[in-house]
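Here's a structure for you.
The first residue of the sequence shown is numbered 1, and numbering continues consecutively from there.
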Amino acid sequence: MRILIAEDEKSLNRILVRQFIKAGYSVDSCFDGGSVFDYLAGAKYDAIVLDVMMPNMSGFEVLEKMRSQGDDTPVIFLTAKSEIEDKVFGLDSGANDYLTKPFSFEELAARVRMITRKQVGSSTNIYTVGDLSVNLKSREVKRADKIIELSSKEYAILECLIRNAGTVMSREKIENSVWNYDYMGGTNVIDVYIRYLRKKIDDGFETKLIHTVRGAGYVLKVTDNA
């Protein structure tokens with residue numbers, strides 16, 4: 001998943017970036033509310049962790065503008081504003097969750113997983129396609145009960161595909177989901193990683209799960225055709 005962290009406390013911002021990257025996320029970050037829209041103009045995020053008290057625009061103002069523009073990206077407020085009135089205002093403004101400081105990263109990560117599950121209509125951390133399963137919490141990948149070891153980028157691309165199972169994902173969409181804002185590579189890198197994934201996921205199985213849609217991209221689905 002790709003997330004955006006908007007937090008003006010630089011030390012906390014760096015810690016959150018480091019922890020989410022360690023947890024397998026692609027992460028962008030900024031230090032003021034106005035910069036959120038610069039990032040949103042260039043990328044699609046699975047979730048935004050948003051401080052309330054920031055320069056330029058407050059988190060409340062950012063969210064209000066996002067929702068008025070029809071942007072339904074899941075947002076979790078992470079803030080020192082712990083009054084009930086603030087929580088109610090934030091949730092009523094369209095936030096998906098509200099977590100007050102101090103906090104544990106484990107709880108924040110769990111809440112991010114929760115709001116992204118709701119976004120795709122899932123009630124579990126385990127996604128399955130045929131006999132392939134991906135546990136988003138443990139990052140364990142299995143096919144036919146065999147554990148499959150993946151690199152961090154292989155896992156991220158597989159997660160993108162399985163979260164959108166049955167939907168054709170263009171190379172650009174996959175790249176946007178997996179790499180951060182500073183990535184300067186090319187979409188042919190996706191083709192290379194898809195080959196790696198096919199070798200680990202599909203080789204040795206009669207039913208292939210990863211399919212190329214010519215001129216469009218890739219799709220993860222069950223079919224008897226290679």
> Is any NZ, NE, NH1 or NH2 atom of the basic residue among Lys208 and Asp202 found under 4.0 Å from an Asp or Glu carboxylate oxygen of the other?
Replying inline: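 Asp202 and Lys208: not salt-bridged.
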
> Do the charged groups of Lys101 and Asp51 touch, with an N to O distance under 4.0 Å?
Replying inline: yes

> Of the non-hydrogen atoms in Gly217 and Val168, which two are nearest, and what is the gap between them?
Replying inline: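 Shortest heavy-atom contact: N-CG1, 4.1 Å.
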
> Are any side-chain N or O atoms of Asp97 and backbone N or O atoms of Arg111, one a donor and one an acceptor, separated by less than 3.5 Å?
Replying inline: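 It does not hold such a pair.
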
> Can you tell if the side chain of Ser93 reaches within under 4.5 Å of the side chain of Glu64, non-hydrogen atoms only?
Replying inline: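 No; the side chains remain at least 4.5 Å from each other.
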
> Any chance the side chains of Asp191 and Tyr218 put a donor and an acceptor closer than 3.5 Å?
Replying inline: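 Tyr218 and Asp191 do have a side-chain donor-acceptor pair below 3.5 Å.
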
> Going by heavy atoms in the side chains, are Asp8 and Asp32 under 4.5 Å from each other?
Replying inline: no

> Is any NZ, NE, NH1 or NH2 atom of the basic residue among Lys87 and Glu83 found under 4.0 Å from an Asp or Glu carboxylate oxygen of the other?
Replying inline: no

>> Quick check: do Thr100 and Lys81 have side-chain heavy atoms less than 4.5 Å from each other?
In response: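 Answer no - side chains too far apart.
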
> How far does CG of Leu16 sit from OH of Tyr25, to the nearest 0.5 angstrom?
Replying inline: 12.0 Å

> Are Lys65 and Glu61 close enough for a salt bridge, meaning some N to O gap below 4.0 Å?
Replying inline: no

> Under 3.5 Å, is there a donor-acceptor pair linking the side chains of Asp86 and Tyr98?
Replying inline: no

>> Can a side-chain donor-acceptor contact be found between Thr116 and Asp46 if the only test is distance below 3.5 angstrom?
In response: no

>> Using 0.5 Å steps for rounding, measure from the NZ atom of Lys221 to the OG1 atom of Thr207.
In response: 13.0 Å

> Within 45 degrees of the axis of the six-membered ring of Phe205 and under 6.0 Å from its centre: does Arg143 put its NZ or CZ there?
Replying inline: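 Because its charged atom sits under 6.0 Å from the ring centre and within 45° of the axis, Arg143 does stack over Phe205.
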
> Within the side chain of Asn135, is there an N or O that forms a donor-acceptor pair under 3.5 Å with the backbone of Ser138?
Replying inline: yes

